2 protein chains.
Amino acid sequence: MTTTMFTRSVSDVAAESGVAPSAVRFYEQHGVITAIRTAGDQRRFDESAACRIRVAKVAQRVGLTVREIADIFAALPADPQPADWGRVATTLIAEAESRTAALKSYLNDMRGSGRLCEIDV
Amino acid sequence: MTTTMFTRSVSDVAAESGVAPSAVRFYEQHGVITAIRTAGDQRRFDESAACRIRVAKVAQRVGLTVREIADIFAALPADPQPADWGRVATTLIAEAESRTAALKSYLNDMRGSGRLCEIDV
DNA sequence: GTGAGCCTTCAACATATGTTTAAGTCAAGC
DNA sequence: GCTTGACTTAAACATATGTTGAAGGCTCAC
């Protein structure tokens, strides 16, 4: 069993995930990623950090807030396994589809409802 | 043919759409809705204003910005007809589904790509 | 053990999305 | 004609999502 290695610095994770170092610190402050500290108080991340950030950026595009994403990621254990990521993926997709369904439903209802925002296909 | 009537005040539209009067002014500033002015410089909206706002609120939930929504609504003529709303609805749904597809695609790709964010179903 | 290049925190700034408040205008009923 | 209530603009405030800059500390390769 390999112990989780917290070897990445802020700039490592920034480079791996394609965001600015300031964003990496921001995501840590808001619980999207977590870090341990070195004796000299520097952050060290494990390999899942860059992954969490990349997923978070895509999730933000479907309307999820950083807080909501952090809440969903709370289900990920330390050293997440593929199955853990799978459950998170399912949750994220369900949320995105739910919001799209709400949009479709609202737009569809417009068609039916009297003179209220009449709509046609 | 009925000429479009700009009869609603800010508070009328706020009540009809379920947002605060300040939000109605905000959406006008950002092009989500448009108004004419009375001789006394007060805003008057047509019946589509409350509808635009309600649709905008649902669209924001799938990640569209106010700017993006205003751009999509730019396709609506004065006194929009059901068919006009239908085209806007199609555009909004396509955008929402595109973003959800991007999320799914990204999460799905994670599964395949080596040791990069391994994921399993 | 030292210098270059990271890292730290904190505060200010920037943009998006609004709300609140202040000071003043306008319309309508009494 | 005066009061009342809704309207106007402008600025300040609030939250979310970051970026930038200053002042200083840590690490690693040499």
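Order of the sequence lines sets the chain letters (A, B, ...), proteins ahead of strands, with each chain counted from 1. Since this is a predicted model, take the numbers as computed values, not measurements.
Each of B/Ser22 and A/Arg43 lies near DNA chain C, and the nucleotide nearest A/Arg43 is the one positioned closer to the 5' end.
Within the 4.0 angstrom heavy-atom criterion, no nucleotide atom of any strand lies near A/Val19. Counting any heavy atom pair closer than 4.0 Å across all strands shown, B/Arg25 reaches a base atom. Contacts of A/Ser11 with the nucleic acid, taken as non-hydrogen atoms under 4.0 Å apart, involve only primed sugar atoms and P, OP1 or OP2.
Using a 4.5 Å heavy-atom cutoff, the side chains of B/Leu107 and B/Leu103 are in contact. The closest side-chain heavy-atom distance from B/Glu16 to B/Arg8 is below 4.5 Å. The shortest distance between side-chain heavy atoms of A/Thr100 and B/Glu97 falls below 4.5 Å. In this structure, B/Arg25 and B/Glu28 have side chains that are not in contact, with every pair of non-hydrogen atoms separated by 4.5 Å or more. Taking the side chain as every heavy atom from C-beta outward, B/Thr38 and B/Phe6 never approach each other to under 4.5 Å. Side-chain contact between A/Val19 and A/Phe26: absent, with no pair of heavy atoms (C-beta onward) separated by less than 4.5 Å.
At distances below 3.5 Å, at least one donor-acceptor pair connects side-chain atoms of B/Thr90 with backbone N or O atoms of B/Gly86. Between the side chain of A/Arg43 and the backbone N or O of A/Arg37 there is no donor-acceptor pair closer than 3.5 Å. When atom types are taken as modelled, the side chain of A/Ser17 and the backbone of A/Val13 share a donor-acceptor pair closer than 3.5 angstrom.
C/dG18 atom C1' lies 13 Å from atom CD1 of B/Ile53, rounded to whole Å. Taking atom CZ of A/Phe6 as the reference point, atom C1' of C/dC7 lies 18 Å away to the nearest angstrom. If you measure from atom CZ of B/Arg44 to atom P of D/dC7, you get 7 Å, rounded to the nearest angstrom. Counting to the nearest Å, the C1' atom of D/dG18 and the NE2 atom of A/His30 are 9 Å from each other. Straight-line distance from the CD atom of A/Glu28 to the P atom of C/dT9: 8 Å, rounded to whole Å. Atom CZ of B/Phe26 is separated from atom C1' of D/dA12 by 16 Å (rounded to the nearest Å). Going from atom NZ of A/Lys57 over to atom C1' of D/dG18 covers 8 Å, rounded to whole Å. The interatomic distance linking A/Ile36 (CD1) with D/dC26 (P) rounds to 17 Å, in whole Å.
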query = If pairs are Watson-Crick or G-U with both distances under 3.5 Å, what is the dot-bracket string of DNA chain C, marking crossing pairs with [ ] and pairs to another strand with |?
reply = ||||||||||||||||||||||||||||||
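Residue A/Tyr27 places at least one side-chain N or O under 4.0 Å from the OP1 or OP2 atom of D/dG18.
Side chain to side chain, A/Asp12 and A/Ser9 meet the donor-acceptor criterion of an N or O pair below 3.5 Å.
Closest non-hydrogen pair, A/Arg44 versus A/Thr7, comes out as CD-O, 3.8 Å. Nearest heavy-atom pair, B/Arg99 versus A/Arg61, reported as atom, atom and distance to 0.1 Å: CD-O, 3.1 Å.
For A/Ser9, the listed nucleotide lying nearest its side chain is C/dC7; candidates were D/dT19, C/dC7, C/dT8. Listed candidates were C/dT17, D/dT8, C/dT8. Nearest to the side chain of A/Arg37 is C/dT8.
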Identify all pairs in which a protein N or O lies below 3.5 Å from an N or O of nucleotides 22-30 of chain C, and state each distance.
none

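The stretch residues 58-75 of chain B has no heavy atom under 4.0 Å from DNA chain D, so no residue of it qualifies as close.
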